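Please read these numbers as outputs of a predicted model, since none were measured by experiment. Below, chain A is the first sequence line, B the second, and so on; all start at residue 1.
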Amino acid sequence: MVLIADGAGRYISSGVIQISVTNLAIIVLMILVFVLAVVLPFPGRHHDDSSDRDS
Amino acid sequence: MTAVDTGQPPVATPTSWTARLRDRISHIVPPGQALPDRQPAYMSSWIYVFGVLTLAALFVVIATGALLALGGVTWWHVSSLGRFVNSLHLWSVELFFAFMVVHLWGMFWMAAWRGNRALTWMTGVVAFLGSIGTAFTGYLSQANFASQWISTQAKDGLNSVGIGAFFNVLNPAQMLLWHVMLLPLVLGVIVVLHVVLVRRHGIVPPVDAHEETAS
């Protein structure tokens with residue numbers, strides 16, 4: 001049983017919340033991707049004219 | 001509908017069901033919006049990419065799932081090619097959900113239900129929930145110790161709310177059929193409806209941008 005538990009990975013616990021380090025890392029990575037998608041400029045974007053539909 | 005050889009190109013009368021159906025199909029989306037080649041400037045943002053990324057991942061999911069269905073359990077467990085396709089199926093699902101959730105976050109914070117887009121938003125919500133069910137039955141259909149573990153963990157919760165009467169997670173054949181037949185069919189229809197609605201009402205603009213009807 002110890003071997004099986006060892007294979008389950010590491011967990012972070014805080015009160016009733018328990019999450020594996022892997023899942024937490026994936027969530028943090030997804031939030032990072034979301035933030036980058038919002039703030040990073042899109043290639044070829046025109047900033048001078050908001051009505052330009054050719055971009 | 002009657003066929004009469006007049007020497008002229010056939011012209012359907014407004015009362016024929018084919019003409020009505022054709023007229024209805026042609027008005028599902030505005031002219032030129034089914035496969036547009038121009039989009040509003042505000043779409044030049046990475047956050048708008050995640051919808052089509054989700055679609056692309058779903059395409060790989062369906063393609064690899066069809067191959068797994070052709071090969072069968074032994075093939076995806078034993079042969080190297082089967083294991084490779086099985087991995088492609090798993091990881092395309094992981095990407096599908098990751099892209100879909102980022103798409104969900106983007107559309108939520110953009111209040112994407114604005115501008116008569118409530119049905120577009122709701123079909124997305126239903127597609128998300130349906131995808132969870134499809135993925136869940138997929139994990140139950142792996143035919144390994146993981147699927148056994150997941151099914152025995154899930155049965156008590158599902159039985160406690162009465163779902164187990166018609167949705168028995170301990171029945172691998174039922175779960176496999178839900179996974180490869182019922183849920184993909186329903187999900188496919190909802191996704192098509194979602195995309196058609198996006199084309200019908202247009203890409204939702206950012207909160208501070210002006211709505212653009214043409215593209």
Determine the minimum heavy-atom distance between B/V102 and A/M30, stating which atoms define it.
CG2-O, 4.1 Å
Smallest heavy-atom separation, A/A37 atom then B/S45 atom, equals O-OG, 3.9 Å
Could you note down all residue pairs passing side chain to side chain donor-acceptor pair (under 3.5 Å) where residues 128-140 of chain B supplies at least one of them, sequence neighbours left out?
B/E94-B/Y139, B/T137-B/H179
Test item: B/W46 side-chain N/O and A/V38 main-chain N/O as donor-acceptor pair under 3.5 Å:
no
Contacting region of A/I26 [heavy-atom separation from chain B under 4.5 Å]
neither
Using 0.5 Å steps for rounding, measure from the CZ atom of A/F34 to the CG atom of B/L104.
9.5 Å
Other residues, nucleotides, ligands: >12 heavy atoms within 6.0 Å of A/L32 CG
yes
Under 4.5 Å heavy-atom distance to chain A, tell me which part of B/F50 shows up: side chain, backbone, both or neither.
side chain
